[in-house]
Amino acid sequence: MAAGAQTTAQEEEQFSSAYQLLKTEHHQESKRIFKQLAAKTSSDIIRVKSLTALAQYYTIYFPIDSAIYFSHKALSILKGRLDEISLKRKAIIYNSLGIAHQKKGEFDASIAWHIKGIEVSEKVQYDRVYYQHTHGLAFSYYLKGENAKAKQLFKECLGSGNNLQLVYGSCLNLGMIHQQEGSFQQAVEYLERARLLCEKAGDRECVIVAFINMAESLIKQGKIPEAFDYLVQAEEIARQSGMLPYLTDARILKGDLYLELQNYAAAEEEWKSSLKEALDLGDFERITSVYRKLEELAERKGHFDQAHSYLKRRVNYQDSVRATQESEKIHELEVRYFTLKKEKEILVLKAQQARKELEIENHKKAFRNLQLEKELEKRAQEHSILLLKHDSTVSKGKIDRLTAEKHFQAQQAERRRTVNRLVGSSGLLIFMLMLLLLQSNRKKLKTQTLLNEKSKEANRQRITSILQKNELDLFRAEVQGENRERERIARELHDSIGGNLASIRLQVADLEHLCPKLPGVNEQINDTYEQVRFISHSLIPRKFRKEGFVSMLRKYAASIEKACKLKLYLSFFPEEEINGLEEELLTELYKIFQELVSNTVKHACADEVSFQLNILEGVLGFLYEDDGVGFDKENLCSGIGLDNIRNRISRLSGELHVDSQKDQGVVFSIEIPLKSNMNEDIQPADCR
C-alpha cells in the first residue's frame, strides 16, 4: 500500500472515532480531532468531512456563528463539483446552515438553505437527508408562526421510514403546535408518543423536550404540581447531559409557573437568569421570548418605564437580526419549492393512475388465464376419472398411499416450524436482556465519569481563586504595613524628638546673653529641628512630593503586574502639572486607582488595564479601562467596592461615568474640575 493511501486510511479511522464522541460527554475531544484533521490532511474528502463535522458540533454546543463559518469553508472546497458524492456532501452542509440560521433567529435564511438542500437531495435521491431538510423546513415555518405549512411537512416526516429520530422529532413538534393552538388532548397524545420513542432510542435531548412541553401544557391547564415535577426532571437530565439551551428553557417555564402562582419576584429572578444564558448562547427565539415575558411582568407590576425598556431592547435585537435577511429572494425560493412540490405530487398521482389501470388490465388477463386453466383442469380430471374406472383397485391403493405420505410430511413440517419458533424466541429474549444490561452499565459509567470531571474542574477553579486572593491580600497587607510604619516614625520624630528640640531651643535662647557661643549652638538646634520636621512631613502625607505622584503610580502598577500577572498601561499628560497638584487630591486619586485595580484583579478576569490621567482646560480627566468579563449596568450594585469610589469623587465635586457590557470589559471615566477643588474643597497642606 502506498504511503499516501495508508495515511488517508489512518485519518478516516481517526475521523470515525471522533464522530462517535460527538454527542457524548467527550465531545470536546472530538472537536480537537476534527480541527487537527482539517488543518493537516492532504485529502479534500477528509478536510470537507472534518469541516462539516465541526459545523454540526457548533450547531449543538454553540456558538452558532462558528457553525456557519465552518459550513461555508467546507462549501468553498466543493465549489463547482457536480459529482454525486459532492452533491450529497453539499446537501448535508446545507442542512447544518439551515439549522444554524434557524437558531440565530434568521428564519427566512434557514428556509432558503433547507429548500436548496431538498432540491439537491431529490436530484441525487438522498432520502435520509431529504427528510432532514423537510423536518428543518417545517420547524422554521413553525417558528415563523405558519403552523399550517409546518403541520403538513411534519406529517410527511412521520413516513420517513427507518429514521426513528425524525419520527419522534416530528411527533414532538406536532404536539407543540397543537398545544399552541389549544388542542391539549391531541398535544398530549403526540408528546407521549414522542417520549416513548425517545426513551426507546436513548435520546436524552428528545426526552427533555417532551418533559418541558408536557409541563407547559399542564401549566395552561392549571395543574401546577404535576408541571413542576416534569420541569425538575427536565432540568436534571439537561444539567447531567450538558445541554444548556434546554436548561434555559426549563428555567423560562419555571418563571411561567411562578407567574401562575403570582410569585412575581421568583418569576423575575428565573427569567433574568435565563436571559443571561440565552444571550451567551446567542439564541434568538429564547432571547426575544424572555424579553417579552419581562416586559409583560413589568406592566403587570405597574413599572411602565421598565416595561418600555424591555420592549425597546427586544425590538432593537429583532431588527438587528432581521436586517441581515434577503426576504425577496427567499420568498422566490419558497414559491419555487412549493410549485415544484405540487408538480411532483401531480406526476406521482398520474403515475399511480397509470399503475392502477395497468393492474386492472393485468387482472383481466389473469382472470381469463385462470378460466382457461380451470377448463383444462376439468378436462384432465374427467380423463383421470376414466383411467381410474379402468383400474380402480390399483388407483385406490395409490391414492391411499399418497394421502398417508402427505399427512406425514405435513406433520413433519409443522414440528420443524414449532422448533424453529421456540429457538428464535429464546435467542431474541437472551439478546435483548444482554443489550439492556450493557446499556444500563454504560449509562452508569457515563454519569460517574461526568461527575468526576465536574468535581475536578470545580476544585481547580477554587484553588486558582484562593491563590489569586492570597496574593492580592499579601500585597495589600505589605502596603498597609509600610504606611502604618511610616506614620509611626513620623509621629515619633514630630512629637518626641521635635518637641524636645523645640524646648532646648527656647532654653538656649534665654541663656544667649551669658555665653557668646550659645547663638551658634542655637542656630544648629534650629537646623536640626527643621530637618526633623522635614523628615516627618515627608513620611506622611508628602510622599508624593518626594517621589512624585506619577512615579509612585508606576511603581504600584509594576508591583501589581509582578503579583497578579496583569498588564497595566499608564499614560500621564502633562506629568509635571499632575505632580504639582494638591496633596489631598493626589491622595484621593491614588486610592481610587488602587480600588479599581483591586476590583479588576478580584472580579474581572482581565489580561490588560489601560489608565490615562490628563489635565485639559482646567479639568482633570481620569480614564480606567480593562478587558475583563464586564457586567450588566442595570444590575450594578455596590458589592464590588464602588461606594468608596463614588464618595471620594463626590468630595472632589467630580462626576463618575461607568460603561460596561457582558464579556466586553468595563470603562470608568471621572472628570474633576480643578479650580473648584483647589479653591473650595481642598485646603492647603499643613506645613507645621
Side-chain angles (χ1 to χ4, degrees), residues 1-64 66-78 84-86 88-97 99-100 126 128-129 132 162-166 198 200-206 237 240-244 431 434-457:
M1 181 184 292
Q6 187 175 4
T7 302
T8 302
Q10 291 174 350
E11 290 173 344
E12 283 280 2
E13 186 176 352
Q14 280 184 290
F15 176 85
S16 299
S17 300
Y19 200 84
Q20 291 176 0
L21 301 175
L22 185 60
K23 291 188 178 181
T24 69
E25 63 270 25
H26 304 296
H27 56 81
Q28 291 281 358
E29 178 64 13
S30 71
K31 178 180 70 173
R32 185 190 66 77
I33 296 172
F34 293 146
K35 285 188 174 180
Q36 187 179 44
L37 287 172
K40 295 183 177 181
T41 184
S42 58
S43 167
D44 282 349
I45 296 173
I46 299 295
R47 183 174 290 107
V48 169
K49 289 172 68 175
S50 299
L51 292 171
T52 305
L54 281 169
Q56 293 174 351
Y57 175 91
Y58 285 111
T59 58
I60 300 171
Y61 300 106
F62 294 81
I64 293 302
S66 296
I68 295 173
Y69 168 79
F70 285 112
S71 295
H72 284 294
K73 198 168 182 181
L75 285 177
S76 67
I77 299 173
L78 297 173
E84 183 176 345
I85 294 176
S86 297
K88 285 185 175 181
R89 182 60 57 185
K90 285 181 181 179
I92 294 171
I93 298 170
Y94 293 158
N95 189 51
S96 295
L97 283 167
I99 295 171
Y126 203 9
R128 178 176 63 83
V129 179
Q132 288 177 356
N162 295 327
N163 197 330
L164 183 61
Q165 187 176 10
L166 283 181
C198 296
K200 180 181 178 181
D203 190 331
R204 306 185 104 194
E205 181 181 5
C206 174
I237 299 172
Q240 290 177 359
S241 307
M243 297 178 182
L244 299 180
F431 176 74
M434 290 177 65
L435 189 63
L436 288 172
L437 209 58
L438 287 171
Q439 188 174 9
S440 174
N441 290 336
R442 186 166 173 263
K443 286 182 179 179
K444 289 180 181 178
L445 183 60
K446 283 184 179 179
T447 303
Q448 187 61 40
T449 304
L450 183 61
L451 289 173
N452 291 340
E453 289 295 329
K454 287 184 177 179
S455 177
K456 289 179 181 178
E457 182 62 26

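For Ile45, the CD1 atom counts as loosely surrounded, since its 6.0 Å shell holds 12 or fewer non-hydrogen atoms of other residues, nucleotides or ligands. Taking a 6.0 Å sphere around NZ of Lys88, one finds it holds more than 12 heavy atoms contributed by other residues, nucleotides or ligands. Residue Ile77 places its CD1 atom among more than 12 non-hydrogen atoms of other residues, nucleotides or ligands, all under 6.0 Å distant. Applying the 6.0 Å contact sphere to CD of Glu13 captures no more than 12 heavy atoms from other residues, nucleotides or ligands.
In this structure, the side chain to side chain contact (heavy atoms under 4.5 Å, CB included) partners of Tyr19, at least two apart in sequence or on a different chain, are Phe15, Leu22, Phe34, Ala53, Gln56. For Glu25, there are no salt bridge (charged side-chain N to carboxylate O under 4.0 Å, His left out) partners, not counting sequence neighbours. Residues satisfying the side-chain hydrogen bond (donor to acceptor under 3.5 Å, both in side chains) test with Lys49, not counting sequence neighbours, are Glu12. Under the salt bridge (charged side-chain N to carboxylate O under 4.0 Å, His left out) criterion, Lys31 pairs with no residue, sequence neighbours left out. For Arg32, the salt bridge (charged side-chain N to carboxylate O under 4.0 Å, His left out) criterion is met by Glu29, not counting sequence neighbours. With sequence neighbours excluded, no residue forms a salt bridge (charged side-chain N to carboxylate O under 4.0 Å, His left out) with Arg89.
A distance of 11.0 Å separates CG in Leu78 from CD1 in Ile85, rounded to the nearest 0.5 Å. How far OG1 of Thr52 is from CG of Leu75: 8.0 Å, rounded to the nearest 0.5 Å. Note: Glu11 CD to Ser42 OG = 6.0 Å, rounded to the nearest 0.5 Å. For the atom pair OG of Ser96 and CD of Gln132, the computed distance is 9.0 Å after rounding to the nearest 0.5 Å. Expressed to the nearest 0.5 Å, how far OG1 of Thr8 lies from CD of Gln10 amounts to 9.0 Å. In this structure, NZ in Lys90 is found 14.5 Å from OH in Tyr126, a value given to the nearest 0.5 Å.
Among all heavy-atom pairs drawn from Ser71 and Ile93, the shortest one is O-CG2, 3.6 Å. Summarising the geometry of Arg47 relative to Ala38, their closest heavy-atom pair is NE-O, 3.3 Å, with the distance given to 0.1 Å. Among all heavy-atom pairs drawn from Ala67 and Thr59, the shortest one is CB-CG2, 3.6 Å.
Counting heavy atoms from C-beta outward, Val129 and Tyr94 have side chains that stay 4.5 Å or more apart. Between Glu205 and Lys23, every side-chain heavy-atom pair lies at or beyond the 4.5 Å cut-off. Between Met243 and Ile237, every side-chain heavy-atom pair lies at or beyond the 4.5 Å cut-off.
Aromatic ring pairs are classed by plane angle as parallel below 30°, tilted from 30° to 60° and perpendicular above 60°; the pair Tyr61 and His27 is parallel.
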*Is there a side-chain contact (heavy atoms from CB on, under 4.5 Å) between Asp203 and Leu164 once you walk through the steps?*
CA-CA 10 Å; Asp203 190 331; Leu164 183 61; over 6 Å; no
